Protein chains: 2
Amino acid sequence: MTSDFQELLRGAALRVTRPRVAVLGAVYANPHADTDLIIRAVREGLPKVSHQAVYDSLHTLTDAGLLRRIQPSGSVARYESRVGDNHHHVVCRSCGVVADVDCAVGEAPCLTASDDQSFSIDEAEVTYWGLCPDCSSTRSS
Amino acid sequence: MTSDFQELLRGAALRVTRPRVAVLGAVYANPHADTDLIIRAVREGLPKVSHQAVYDSLHTLTDAGLLRRIQPSGSVARYESRVGDNHHHVVCRSCGVVADVDCAVGEAPCLTASDDQSFSIDEAEVTYWGLCPDCSSTRSS
DNA sequence: CCCATTTTCTTGAATGAGTCAAGACAAGGG
DNA sequence: CCCTTGTCTTGACTCATTCAAGAAAATGGG
């Protein structure tokens, strides 16, 4: 598993460092985790890692396409390891939990704008808003 | 026009205060403006308004459905006066400018998730990402 | 029209995610 | 094994937004 992450890094022409491997591991193990949770997860294996190293790693890995950053309104940045399949997200308005929703089309942009305003569009990001099963049942009961 | 805003406020059972009227005016005049721009616009007419009053007004007006808040990843909160038509947005990856895109369906949720994960979904928010005409021509030239 | 009640606004401090910067350190090529 | 370059540590800092307490203003009843 750790060696898989090392391969991922090498494949992206990135240096293999312990913080980066640990960050990859933390995001793979905690989909949609925010930076704070990732920092805590990384420190379970590497107690001395600075928060800055985690921020740097997340940026580098996101720029390299190994991770994807999502940031629903009202939420801090979250990261996930599913990249390249242009899937979408459902966000609970009550507790903020995020779940994946497959994109029927698969490749970006999965939608074309009715009037693109002369923008050159490369991605259509879809965020579904609603209530998760837990919050939904809590409210109605 | 000011009286129109007063009617809007009364229609929403909100007290009519000068900051609120000014905030409504500023958002109607500056679609997709961020809070800082709204504060500056409001202070052209009411120089002494505190930033807190603007924040409070924006929250109240958004909660009442008179304004809509949008917050693309990497951007601060922005506000617009087009509400109720469930339109979407194109965001420029380079300069961050936001433009409206009509929704073909019109009413929320305009899309249904392929697998809703047992969430009860009430809105599908679509954000198109790309380059605006200006940034597009700057890069290619 | 004025008062009382309730909401809103002012003032000023605080929060917290994220960034900046300088020097110490480690990864990988030669 | 050493050098170069890129990464990490440390610690300060930014800035949008929120919190809190008291002053001021908006609606409804008299």
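Model, not experiment: these values are computed from the prediction.
- In this structure, CG of B:Leu37 is placed 13 Å from P of D:dT17, rounded to the nearest angstrom.
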How does each nucleotide of nucleotides 14-27 of chain C score, in 5' to 3' order, for protein heavy atoms under 4.0 Å: base (B), sugar-phosphate only (S), or none (-)? ---SBBBB-----B
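- One can place CZ of B:Arg43 at 12 Å from C1' of C:dC9, the figure rounded to the nearest angstrom.
- The distance from atom CG of B:Leu14 to atom C1' of C:dT7 is 11 Å, rounded to the nearest whole Å.
- Atom-to-atom, CG of B:Leu58 to P of C:dT8 comes out at 14 Å; the value is rounded to the nearest Å.
- For B:Arg20 and D:dT27, the CZ to C1' distance is 12 Å, given to the nearest whole Å.
- Atom CG of B:Asp56 is separated from atom P of D:dA26 by 16 Å (rounded to the nearest Å).
- B:Arg18 CZ: 12 or fewer foreign heavy atoms inside a 6.0 Å radius.
- Placement of A:Val21 and A:Tyr28 within a single hydrophobic cluster is found when ILVMFWY residues are connected by side-chain heavy-atom separations under 4.5 Å, directly or transitively.
- Between A:Leu9 atom CG and D:dG6 atom P there is a gap of 16 Å when expressed in whole angstrom units.
- Contact between B:Thr112 and A:Tyr128 at its shortest, heavy atoms only, is O-OH, 3.8 Å.
- Nearest heavy-atom pair across A:Pro133 and B:Gln117 is CG-O, 3.8 Å.
- C:dT11 atom C1' lies 14 Å from atom NZ of B:Lys48, rounded to whole Å.
- Residue B:Leu46 is grouped with residue B:Leu9 when hydrophobic side chains (ILVMFWY) are merged at heavy-atom distances under 4.5 angstrom, including chains of intermediate members.
- A:Val98 belongs to a hydrophobic cluster whose remaining members, ordered by chain and number, are A:Ile70, A:Val91, A:Trp129; membership requires side-chain heavy atoms of ILVMFWY residues under 4.5 Å apart, directly or through intermediates.
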